[in-house]
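Residue numbers run from 1 in the order of the sequence given.
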Amino acid sequence: MTTATTPVSTPESLTSVFVRLKLSLLRNGLRQSGTRTAVYVTSIVISVLFGGLMMLGFVTLRGNADAGSVAILLTGFLALSWAVMPLFVPGGDETLDPSRLVMLPLRPRPLVRALLVASLVGSGPTFTLIVAVGTAIAVARGAAGVVVSVLAVPLVILVCVALSRAVAAANVRLLSSRKGRDLAVLSGLVIAVGIQVVNFGAQRLSRAGSLEALEPAGNIVGWLPPASAVAAIDSASEGDYALAAAQLLLTVAALGALLYWWQRSLVRLMTEPDGSTIGAAPDSADSGWETTGRLGRLLPGGRTGTVMERSLRYIWRDPKTKAAWTTSLVLGAIVPMFNALQGAGSVYWACFASGMLGMLMYNQFGQDTSAFWMVAQTISTPADAYAELRARALTLLVITLPFTVLVTAGTAMVSGAWSALPPALGVAFALLGAMLGVGAVSSALFPYSIPQDSPYKNVAPGQGGLAWISIFGGMLGAGVLCAPVIGAAIYLNVEDETSLLWTLLPLGTLYGALLLWGGLKLAAPRAARRLPEILAAVSKG
């Protein structure tokens, strides 16, 4: 009698399953649209070409005494890019969204390993591999440097990918929400700040005349993974094997810490309930505008305090309003400061902050979007409109006045021109008052809708002309209104009347306050009279 035996199949590795799944999803996605295929192929080609050019640059640096500093700093910048990428491109790789795996019986450790290997498929890892190989070619010297580079290059790629995935997993619920997607609006801000930083660094480097100026920064970044792996290649090439081993071990430890963080985030994601599974809290009897909490106790009473609290909550909670404020504050600070650091500007560059912040007064009613109809119910007379606009202007002044003082004082400190602080503040205050006053009039005459369905659109279709007239026409009008104060500042500086420059501070402050008051008085009756048109304009789209 013979017994039939059933062959036992060996379970397939989870890692190979995820790699094939990633390739299948990419292939099927590219088949859906020729445009999508062309875009993906183009991104691969551009990544390879740009990476190849960078590798060629590193090859030309080989043998240069400062090649190590350049390679270390570039690797650190590359890792930073990987870290922030999930925050601004939350939907960049839907095939590896861990929230899609919640219902599957998968253990965290094999899942992390499989996701890590699958994440190496794509244009980003390909570009990183090419750059890492280029840094190794530029830095490695001798047999010891080559051996360490064989270990360092994979570590650089793994740390970058693990860092990106750990950040994404820790914030996956935020990034999949509406507010998280609206974080993409801030990508323009990061690019603007990055351009200023690169410009500042390039100018400092050009003045230094050699790459030797990068050495102090390279010594510091060389102890931050994964740049420490490239620093290990340099140390081994110079014969300092103990230092190279320490830097390699630091990179390995960082990789282990990132994988552990990633695993813990996956465990929380798959075991803890999110907001969709938790019951809503019962309504409180004292919820609403009547209960204003700590914030309300700091604000005036009546309509003014209510409108100010509403505006402050918009700044904190609404993604687009928060993005506009963040952009204005950051650019308003870095442009004057960077010009002062480069020695290419004066304290009067601080007026740039006044201009950026004053633009926030434009299209005040459009910032409320379709919710403006609730505000419109409370406006029936010019006095109501005046109180509404005045409270909104006061909200801006609560933040913009101290910020303008800080930026102007910081610019004066960096440039060493403390004597120019009073007149610069006077001109800045006058410009701020003019911008707020003209912004109130512009809000009443040229309101437009701000779409909420897209993080990249700030004007509804068909209203682009209104936006251009409102912003640029208002900026031109504010500049004309400030001409007396600006002309006085130019005259006193040209005529070397330094003893009278301090008078621009009280004069500019008073003049700016008068311009703001006049703008509110002009805008209030027009806003009350045109309320139906304003409501229709801001609700469009």
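- When all heavy atoms of Pro382 and Pro525 are compared, the closest pair comes out as CB-CA, 4.0 Å.
- Judged purely by distance below 3.5 Å, without hydrogens or angles, the side chains of Thr381 and Asp384 pair a donor atom with an acceptor atom.
- Within the structure, ring pair (Phe, Tyr, Trp, His ring centres under 6.0 Å) contacts touching residues 354-398 (residues at least two apart or in different chains) are Phe365-Phe372.
- The closest side-chain heavy-atom distance from Leu360 to Leu436 is not below 4.5 Å.
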TODO: Go through Thr128 and Trp82 one step at a time and tell me if the side-chain hydrogen bond (donor to acceptor under 3.5 Å, both in side chains) criterion holds.
DONE: CA-CA 10 Å; Thr128 306; Trp82 274 95; 2.9 Å; yes
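- For Pro447 against Arg530, the heavy-atom pair with the smallest separation is CD-NH1, 4.1 Å.
- Residues Met308 and Val398 form a side-chain contact, since some pair of their non-hydrogen atoms from C-beta on lies under 4.5 Å apart.
- Judged by distance alone, the side chain of Ser328 and the main-chain N or O of Ala324 form a donor-acceptor pair under 3.5 Å.
- At a threshold of 4.5 Å between non-hydrogen side-chain atoms, the residues Asn64 and Leu61 count as touching.
- A donor-acceptor contact shorter than 3.5 Å is absent between the side chain of Thr378 and the backbone of Met374.
- To the nearest 0.5 Å, the span separating CG on Leu406 from CG on Leu401 amounts to 11.0 Å.
- Scanning all heavy atoms of the two residues, the minimum distance from Ser419 to Pro423 falls at O-CD, 3.8 Å.
- In this structure, Lys521 NZ and Leu516 CG are separated by 12.0 Å, a value rounded to the nearest 0.5 Å.
- Of all heavy-atom pairs between Ala440 and Ala523, the closest is O-CB, 3.4 Å.
- More than 12 heavy atoms of other residues, nucleotides or ligands shown are found within 6.0 angstrom of CH2 on Trp325.
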TODO: Start with the C-alpha distance between Leu520 and Trp517, add both sets of side-chain angles, then the distance that settles side-chain contact (heavy atoms from CB on, under 4.5 Å), and finish with yes or no.
DONE: CA-CA 5 Å; Leu520 295 176; Trp517 176 80; 5.9 Å; no
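- Interatomic distance, CG of Leu73 versus OG1 of Thr135, reported as 12.0 Å (0.5 Å rounding).
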TODO: Take Gln367 and Tyr314, measure what side-chain contact (heavy atoms from CB on, under 4.5 Å) needs, and give me the verdict at the end.
DONE: CA-CA 9 Å; Gln367 294 175 15; Tyr314 276 168; over 6 Å; no
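- Panel note: side chain Arg392, backbone Gln364; a donor-acceptor pair is recorded below 3.5 Å.
- Surrounding CH2 of Trp316 are at most 12 heavy atoms belonging to other residues, nucleotides or ligands under 6.0 Å away.
- To the nearest 0.5 Å, the span separating OG on Ser265 from CZ on Arg165 amounts to 13.5 Å.
- Each of Leu74, Leu78, Ile130 was scored for a side-chain contact (heavy atoms from CB on, under 4.5 Å) with Met54, with one residue passing: Leu74.
- Put simply, the side chain of Lys322 does not reach to within 4.5 Å of the side chain of Ile315, judged on heavy atoms.
- Checked against salt bridge (charged side-chain N to carboxylate O under 4.0 Å, His left out), Arg303 has the following partners two or more places apart in sequence or in another chain: Glu388.
- You'll find the side chain of Ser415 reaches within 4.5 Å of the side chain of Val347, heavy atoms only.
- One N or O on the side chain of Asn363 and one on the backbone of Tyr448 form a donor-acceptor pair closer than 3.5 Å.
- Atom CG in Asn219 sits 6.5 Å away from atom OG in Ser69 (nearest 0.5 Å).
- Between Met435 and Leu357 there is no side-chain heavy-atom pair separated by less than 4.5 Å.
- The backbone N or O of Ala428 lies less than 3.5 Å from a partner atom in the side chain of Ser354, making a donor-acceptor pair.
- Between the side chain of Ser123 and the main chain of Ser47, no donor-acceptor pair closer than 3.5 Å is present.
- Between Leu163 and Trp262 the shortest side-chain heavy-atom distance does not fall below 4.5 Å.
- When atom types are taken as modelled, the side chain of Tyr511 and the backbone of Leu481 share a donor-acceptor pair closer than 3.5 angstrom.
- Between the CD1 atom of Ile399 and the OG1 atom of Thr404 there is a distance of 11.0 Å, given to the nearest 0.5 Å.
- Annotation: side-chain contact (heavy atoms from CB on, under 4.5 Å) contacts of Ala227 (sequence neighbours excluded): Ile72, Thr75, Val221.
- Contact between Leu504 and Ala488 at its shortest, heavy atoms only, is CD2-CB, 3.9 Å.
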TODO: Walk me through it: do Val485 and Leu507 pass the test side-chain contact (heavy atoms from CB on, under 4.5 Å)?
DONE: CA-CA 8 Å; Val485 178; Leu507 290 177; over 6 Å; no
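- A donor-acceptor pair under 3.5 Å is formed between the side chain of Ser443 and the backbone N or O of Met361.
- Two residues are said to be in side-chain contact when any heavy atoms from C-beta on lie closer than 4.5 Å; Val407 and Phe352 fail this criterion.
- Of all the heavy atoms in Trp502 and Pro422, the pair that sits closest is CA-CB, 4.1 Å.
- For the pair Ser449 (side chain) and Val538 (backbone), a donor-acceptor distance under 3.5 Å is present.
- At distances below 3.5 Å, not a single donor-acceptor pair connects side-chain atoms of Ser164 with backbone N or O atoms of Cys160.
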